[in-house]
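In what follows, chains carry the letters A, B, and so on, assigned in the order in which the sequence lines appear, proteins first and then strands, with residues in each chain numbered from 1. Quick caveat: nothing in here was measured; it's all calculated off a predicted structure.
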2 protein chains.
Amino acid sequence: MEMTATQGGRGRPREFDPEEALAAALQVFWRRGYDGASMAELTEAMGITKPSLYACFGNKEALFRKALDLYERDKLCYIKSALEAPTAKGVAERILRGSLAIQTGGNDPRGCLGVISSVGGTAHAESIRDEIMARRASSDRALVERFERARAEGDLPAGVEPQAMACYLTTVIQGMAIQAGADVPRERLEQLINTTLAMWPSN
Amino acid sequence: MEMTATQGGRGRPREFDPEEALAAALQVFWRRGYDGASMAELTEAMGITKPSLYACFGNKEALFRKALDLYERDKLCYIKSALEAPTAKGVAERILRGSLAIQTGGNDPRGCLGVISSVGGTAHAESIRDEIMARRASSDRALVERFERARAEGDLPAGVEPQAMACYLTTVIQGMAIQAGADVPRERLEQLINTTLAMWPSN
DNA sequence: TCTACTATATACCGCACGGTATGGAAATGA
DNA sequence: TCATTTCCATACCGTGCGGTATATAGTAGA
């Protein structure tokens, strides 16, 4: 990963791994949101100083966007494979369980980075919100298309709108992200997923 | 409403209405969350100066708690009456529609003050989060008790756990709050409510 | 009218914020 | 070895934060 245009053989090589530093930054943004993450907390977690951070990543906003890229690539990759499930209900189950795995698994913070960083916050962070909204819109579109295919394949009951089911599923996932962030135990969230799937419409 | 121990006849009377000022502060907290709301934005919206604010309300955290009280009293009052609906599904419908009315109605900000202020944020705002969690916990308890009564009355199918349904409903509401905050149009959220109610378990 | 008391306005406090200038340390190519 | 290039560490910049000291203005009671 080429973090900057320079760093080309000549001169002193940097002493840290940009990938590791970015992963550490992601943890902080994930816990605090964009506004809540301070440069002091970021640099401490990344193990580098501020000038190193600015030289390598640009500024706070650019760092956040790169962290968002990493988040989508490493954490949200389950969505792409979930859409390949054979049935609409299978898609829903894979997405719900995948989402739960991220939000309560490993040593990562609980909750969803996108939700945390797009809610509330100061006035001068609106470009961040716009960025997140745009990414979420493209993800939503893919889900709607998948459910439209499901209806065409007779996989969704007649009266059920694909767009409505996509919006519903998104809502449950985002609600689950809030619950996870509020330290609702994992078993309860698994119960929530089972409840949701038990009510999923079928013919 | 007695905002302070003083203000007892003697001395110069204040020139603003504490209730109105608090309502204005609530708008700001509702839009920005606790951390995202600055004293400058608060005082400007309230139409008073900082010393007046501190004399009347204490400090930022105390002001927030009073705004939270007002929010519960004026905006979340629908929950209490919703719990009096005759059936579990009726409870769900009243809560969902009441929640939507708050989040997309009038000139109030979209979304839920509790969600916005409990997600993300800096490290020194944890007491705020604890406060919101505690209030949410008591609200959740009431919902669980209502659904336990529903099961006792044969109002919920046999295999359905009251606690699971309470958690599920809370999740949908909080997810809907996120969607409302992301400017999802009202008709879409009404569709979401209809979808949720259509899938509600019945015997 | 005088006194006691309280609200308002202005200016200010220490601090943390995001971001940067500068000087020295380290590694490369010649 | 030496010049060049780049990175790291420290100290600093302007700004806005939450919160306050002080002085003035205004009202009620004696």
(request) Specify the separation, in whole Å, of atom CD of E61(A) and atom C1' of dC17(C). (result) 16 Å
(message) Taking donor-acceptor contacts at under 3.5 Å, does the side chain of K50(A) reach the base of dG19(C)?
(response) yes
(message) Between E41(B) and T49(A), which residue's closest nucleotide on DNA chain D lies nearer the 5′ terminus?
(response) T49(A)
(request) Determine, for D35(B) against R129(B), whether the closest basic-nitrogen to carboxylate-oxygen distance falls under 4.0 angstrom. (result) no
(request) For the side chain of N59(B), starting at C-beta, report the closest nucleotide among dC8(D), dG18(C), dG19(D). (result) dG19(D)
(request) May I have the distance from D35(B) (atom CG) to dG16(D) (atom C1'), rounded to whole angstrom? (result) 15 Å
(request) State whether S38(B) places a side-chain N or O below 4.0 Å from either non-bridging phosphate oxygen (OP1 or OP2) of dC17(D). (result) yes
Which atom pairs link the protein and nucleotides 21-26 of chain C when you take only N or O atoms and keep those under 3.5 Å?
residue	atom	partner	partner atom	Å
dA25(C)	N3	R12(A)	NH1	3.1

(message) Please report the distance, rounded to the nearest Å, between CE in M46(B) and P in dA9(C).
(response) 14 Å
(request) Using atom CD1 of I48(A) as one end and atom C1' of dG19(C) as the other, report the distance to the nearest whole Å. (result) 14 Å
(request) Take E148(A) and R151(A) through the test salt bridge (Lys or Arg N to Asp or Glu O under 4.0 Å) and record every step on the way to the result. (result) CA-CA 5 Å; E148(A) 280 171 350; R151(A) 183 174 61 175; 5.8 Å; no
(message) Are the side chains of F29(A) and P109(A) in contact, using a 4.5 Å heavy-atom criterion?
(response) no
(request) Could you state the atom-to-atom distance from CG of L42(A) to C1' of dC17(C) in whole Å? (result) 12 Å
(message) Which nucleotide wins on minimum distance to the side chain of F16(A), given the candidates dC8(D), dG18(C), dA7(C)?
(response) dC8(D)
(message) I want to check one thing: is the phosphate of dC8(D), taken as OP1 and OP2, less than 4.0 Å away from some side-chain N or O of S52(A)?
(response) yes
(request) Let me know the distance between OH of Y54(A) and C1' of dA9(D), rounded to the nearest Å. (result) 16 Å
(request) Spell out, as yes or no, whether a donor-acceptor pair under 3.5 Å connects the side chain of R94(B) to the backbone of E84(B). (result) no
(message) Between P on dG19(D) and CZ on F64(B), what's the gap in Å once rounded to a whole number?
(response) 14 Å
(request) Answer yes or no: is there an ion pair linking R149(B) with E145(B), defined by an N-O contact shorter than 4.0 Å? (result) no
(request) Take the protein atom NE2 of H124(A) and the nucleotide atom P of dC17(D), then report the distance between them rounded to whole Å. (result) 9 Å
(request) Take K89(B) and E93(B) through the salt bridge (Lys or Arg N to Asp or Glu O under 4.0 Å) test and state the conclusion after the steps. (result) CA-CA 6 Å; K89(B) 185 172 178 176; E93(B) 173 158 17; over 6 Å; no
(request) Measure from the side chain of K60(B), starting at C-beta and using heavy atoms only, and say which of dA7(C), dC17(C), dG19(D) lies closest. (result) dG19(D)
(request) Using only heavy-atom distances, determine whether the side chains of S99(B) and Q103(B) contain a donor-acceptor pair under 3.5 Å. (result) yes
